[in-house]
Every structure is written in structure tokens, then in C-alpha cells.
2 protein chains.
Amino acid sequence: MMTEHPQRRTTRQRIAISEFLAHADDFRTAQQIHEQLRAGGDGVGLATVYRTLQTMTEAGDVDMVRTQEGESAYRRCATHGHHHHLVCRCCGRTEEITAKVVEAWATTIAAQHGFTDVTHDVELHGLCERCSAARV
Amino acid sequence: MMTEHPQRRTTRQRIAISEFLAHADDFRTAQQIHEQLRAGGDGVGLATVYRTLQTMTEAGDVDMVRTQEGESAYRRCATHGHHHHLVCRCCGRTEEITAKVVEAWATTIAAQHGFTDVTHDVELHGLCERCSAARV
DNA sequence: TGCCTTCATGAGAATGATTATCATCTAAAT
DNA sequence: ATTTAGATGATAATCATTCTCATGAAGGCA
């Protein structure tokens, strides 16, 4: 079963979720998406949000990561390039960073250990300039 | 927070968990530890397992990773100090790796963006040698 | 040794995210 | 318009993890 592409229907809900992710430039949890869509008038059931996100992940349309708190967060696949985040643990400010060094390193390490098909998650957490200053 | 060492008492339960981890050479979830300890006669409450694991993680005695299923898995630190993991997404085999390159890169990037007090999470996921072969 | 203070434990309730259920709805094909 | 298989959503069910709180036990001290 499911060897063939299951039929995908374009519904109001899927469009809403897709649109939402297109405008979000960061990772969002299913709960956040659900809440914000509801607040925006385009009410979508929580179960639908989860189902859709899962489907989109399997289809490779979105990336999924696990937060430190154990929640799943999703974002639209960066079709152009893969990058990482530098997040302020105080105010949440986020900067996207790219790292050829890390990419290269990951590939090398993987090869050394005999691993194939390797992906990597790299996140930096710290205090941004403003929060560093505020702390004195 | 945690500037001072809170008092730690050596109890039968903590010893049991510690021993268990000392003999396990792989990541184990709190649930598994709880179940196996119970099966082995050294019954330890589930809440205690969680609390102890959390304490040990904060103390840097064990490593914690999130499985793809969203569970927390723990293992006693083999390498003392800071390191990363290379995890097989198929069988769960894990290798600890250290990366001076990455440390250096993180420090540099942080400085470039004006961030201070930076920590980083780096996890590699792939298919280990055995699983790569099995897949053909 | 016996007492005391404080931390630790554990059974069970509470929480919170994710998944399953299932009656109802609807996109898309005919 | 009719049909039909996929989609939805309110709600119940799961499951890992955390909280509650009465009870137990380390370790210090007299």
C-alpha cells in the first residue's frame, strides 16, 4: 500500500498552512501554527495541522526538527540553501548563518566513521549584543 | 542559577541508576532504565529515574539526546568534556566525536554577530556502515 | 547512639504534545 | 449532478514527562 502517490487534494486548510509557512522564516511548532491560523480567522483543526505537517514532511516540502523541549518544529524547506541558526536565548532574536566549514567537516567525519546519507543539525545559542549589554 | 552545589545524597536508587548507565554502552530512555531496573530487582520509581537523569545531565555526568520519536535518551559520558554525536537513524548506533573545527567556528561566528556566552548543539544523523550495506 | 533537619523517594495525579476515532464534509473525477 | 475516496475536526485516547505531597532515609550533631 502507498507505493503510488496518494492523491493530494488542495483544500482551504492545506492552503492556509502552506501560506503560513511560506511567510514564516523560522521554525514554528504545530501548536503555534494552529493558534495563529485560528487567530487570523482561517480556523484549522489541530489534528489537521498535525496531519498536514506530517504529510508535508514526508513529501519533503518542509523540514522538521525537535526543540530542546521535545516539541516538533517545522519550516518550509529552504529550496535554495541549507543554513543554521544563531539564537539569542534571552530575547529570541535569530540570525541565519551558513557554514561551509561545518558542512565539510560533517561530510568528512561521516566518511571516517563509515556513515552515509548524513544530515546535520547545528544550532548556536547565546546572548545577542543587546542582551549582553543589558546584563552588564 | 546553580551557582552553588546543592547537596547530593548517595541513595540506593541513584547508585542503581549510575551502575546501570555504567554498564550500558548505548543510549537508553528513562522508560527503559526504569523497566530494566525493576526487572532486575532494584525497583526504582519512574519519577526518581527522571529526576536523577535530569540531575546527572545538568551535572554533565550523562549525555542526553532526543530520539526521532521525541523521547529523551541518556548515556554516560564516555568522553569527558564537550563533544557531539553521530547517530545512525536506522539502528541508533552512536559515536561520540569531538570537533575542534566546529568549536572554533562557533566562537568566530558568535563574535562576528556580537553574541556572547555561546553554546552550540551539533548532531549528525546518517546511516551507519552496517545499515548502509543492509539497504543495498 | 539517637535526634533532627533536609533532601529524596514513589505512587498517582496532572500536564502537554501528538495520534487515533469516526461521523460528516468536499474536492475531483465521471 | 452523482459518486467516491480523500479530508476535516471535535473529542477521546496515548504516552512521555513533570508535579504533588505524604513518607522515608542521609548525614550532621549532641
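It should be emphasised that the depicted structure is a prediction, and the values quoted were computed from it without experimental measurement. Below, read A as the first sequence line, B as the second, and so on, with proteins coming before strands; counting in each chain starts at 1.
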Would you please confirm or rule out a distance under 4.0 Å between OP1 or OP2 of dA8(C) and any side-chain N or O of Gln13(B)?
no

CD1/Ile15(A) to OG1/Thr52(A) distance, rounded to the nearest 0.5 angstrom?
11.5 Å

Output the rounded distance in Å from [atom1] ([X]) to [atom2] ([N]).
X        : N       : atom1 : atom2 : result
Glu35(A) : dT18(C) : CD    : P     : 14 Å
Ile33(B) : dG10(C) : CD1   : C1'   : 17 Å
Arg8(B)  : dG27(D) : CZ    : P     : 13 Å
Ile15(A) : dA7(D)  : CD1   : C1'   : 13 Å
Asp42(B) : dG10(C) : CG    : C1'   : 15 Å
Arg14(A) : dG9(D)  : CZ    : P     : 11 Å

To check you understand the geometry: which heavy-atom pair defines the closest contact between [X] and [Y], and what is its length?
X         : Y         : answer
Ala106(B) : Leu124(A) : CB-CD2, 4.0 Å
Val44(A)  : His34(A)  : O-CD2, 2.9 Å
Leu21(B)  : Val62(B)  : CD1-CG1, 3.6 Å

Find out whether His120(B) and Glu103(B) are in side-chain contact, i.e. whether some heavy atom of one side chain is under 4.5 Å from a heavy atom of the other.
yes

Aromatic rings Trp105(A) and His84(B): how do their planes relate, parallel, tilted or perpendicular, breaks at 30° and 60°?
perpendicular

Base, backbone or nothing for each nucleotide of nucleotides 16-26 of chain D, written B, S, -, heavy atoms under 4.0 angstrom, 5' to 3'?
SBBBB----BB

